[in-house]
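Since the structure comes first, as structure tokens, the remarks are kept for the end.
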Number of protein chains: 2
Amino acid sequence: MKIGALARKTGTTAETIRYYERTGLLEEPPRTAGNYRDYGPTELARLRFIRRARDLGFTMAEVRQLLSLSDDPSQSCEAVDSIASIHLREVDRKLGDLRKLRTELRHMVDDCQHGAVGECRIIEVLSG
Amino acid sequence: MKIGALARKTGTTAETIRYYERTGLLEEPPRTAGNYRDYGPTELARLRFIRRARDLGFTMAEVRQLLSLSDDPSQSCEAVDSIASIHLREVDRKLGDLRKLRTELRHMVDDCQHGAVGECRIIEVLSG
DNA sequence: ATGCACCTTGTAGTGGCTACAAGGTCAAGC
DNA sequence: GCTTGACCTTGTAGCCACTACAAGGTGCAT
């Protein structure tokens with residue numbers, strides 16, 4: 001499988017895959033006679049793993065850890081749980097922030113009387 | 001007021017203020033005899049405006065527009081309302097995404113039986 | 001005069017990609 | 001066999017909004 005096919009199968013782009021390789025998240029795959037990267041099912045699975053984790057908001061560093069943990073199935077799952085739990089708390093924090101922010105924005109927009117900027121509540125709020 | 005004092009009053013850092021100046025968000029202030037930036041209440045108000053807008057999640061580009069709109073108080077408030085409304089919708093979208101993500105993470109973490117990585121639900125979910 | 005906090009400029013790095021440019025490879029069609 | 005066009009290669013630079021230095025200047029207290 002060439003890089004474009006792998007990209008289509010995983011909802012990424014060739015550029016992103018090469019970026020993952022550059023940063024060590026993916027290993028260098030074998031090459032075809034024409035120097036094209038040649039991927040198999042192992043790489044596909046690994047990239048799917050990475051994409052799922054990234055879509056769940058894990059950072060590249062966390063993905064790196066999760067990958068190396070998943071490589072050793074006999075290990076305790078504590079470290080995995082810890083990474084996921086910390087990330088969950090972080091997501092909760094962000095949700096809280098975003099909800100507060102939404103409330104403020106909502107008020108601002110609701111209070112706007114669509115008149116002149118001089119009396120605009122939005123500008124007023126921003127100006128303090 | 002020197003840059004450090006302005007930073008403390010606005011919850012920023014000197015680096016950020018200089019960055020805003022570099023990118024044209026803030027004008028170059030007058031200098032003291034010793035070549036230190038010398039800020040007055042106008043700059044303080046402008047920086048507060050910027051910080052409030054940034055804290056509400058507006059991008060630098062949006063802040064730039066909001067600033068120039070607020071500079072002309074006779075104009076219609078429509079453009080301001082539009083920027084804020086678009087941003088509100090964007091925040092709503094992000095909230096939705098984050099809530100979905102939280103649910104998935106929550107399930108993953110709840111299902112983890114704290115055993116070995118080989119049976120870890122978290123790794124399983126990520127592996128597909 | 002010495003120390004120390006603060007300031008100056010300039011440059012480079014962060015994360016996670018994304019966007020080129022300039023050229024090489026390969027299968028299909030004529 | 002030759003061209004077209006999709007794909008691939010490497011390398012470099014850009015995005016956003018900062019953040020982190022380094023190397024040196026200023027200003028005030030002791």
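Source: prediction; values computed, not measured. In what follows, every heavy atom counts, from backbone to side chain, and hydrogens, waters and symmetry copies are set aside.
- For the contact set between residues 92-99 of chain B and DNA chain D, defined by any heavy atom under 4.0 Å, there are no members.
- Salt-bridge check for Arg37(A) with Glu21(A): passed, with a basic side-chain N closer than 4.0 Å to an acidic carboxylate O.
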Would you list the protein and nucleotides 1-3 of chain C atom pairs, both N or O, that sit under 3.5 Å from each other?
none

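- Note on Leu26(A) and Leu126(B): same hydrophobic cluster, where clusters join Ile, Leu, Val, Met, Phe, Trp and Tyr whose side-chain heavy atoms are under 4.5 Å apart, directly or indirectly.
- Taken residue by residue, residues 6-31 of chain B places heavy atoms nearer than 4.0 Å to DNA chain C at Arg18(B), Arg31(B).
- If you check the side chains of Thr13(B) and Thr16(B), you find a donor sitting under 3.5 Å from an acceptor.
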Please write out each protein N/O paired with an N/O of nucleotides 22-26 of chain D under 3.5 Å, distance rounded to 0.1 Å.
from: dG25(D); atom 1: N2; to: Tyr36(B); atom 2: OH; distance (Å): 2.5
from: dT26(D); atom 1: O4'; to: Tyr36(B); atom 2: OH; distance (Å): 3.0
from: dT26(D); atom 1: O2; to: Tyr36(B); atom 2: OH; distance (Å): 3.2

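- Taking every heavy atom of residues 49-71 of chain A and every atom of DNA chain C, pairs under 4.0 Å involve Arg51(A), Arg54(A), Thr59(A), Met60(A), by number.
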Please output the side-chain donor-acceptor pairs of residues 2-9 of chain A that fall under 3.5 Å, not counting sequence neighbours, one pair per line with the distance.
none

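- A salt bridge links Arg121(B) with Glu124(B); the closest basic N to acidic carboxylate O contact falls under 4.0 Å.
- Ion pairing between a basic and an acidic side chain is recognised when a charged N comes within 4.0 Å of a carboxylate O; Arg93(B) and Glu90(B) show such pairing.
- Contact annotation: Arg37(A) side-chain N/O to dC8(D) OP1/OP2 distance is not under 4.0 Å.
- In this structure, Arg46(A) contributes its side chain and Ile50(A) its backbone to no donor-acceptor pair below 3.5 Å.
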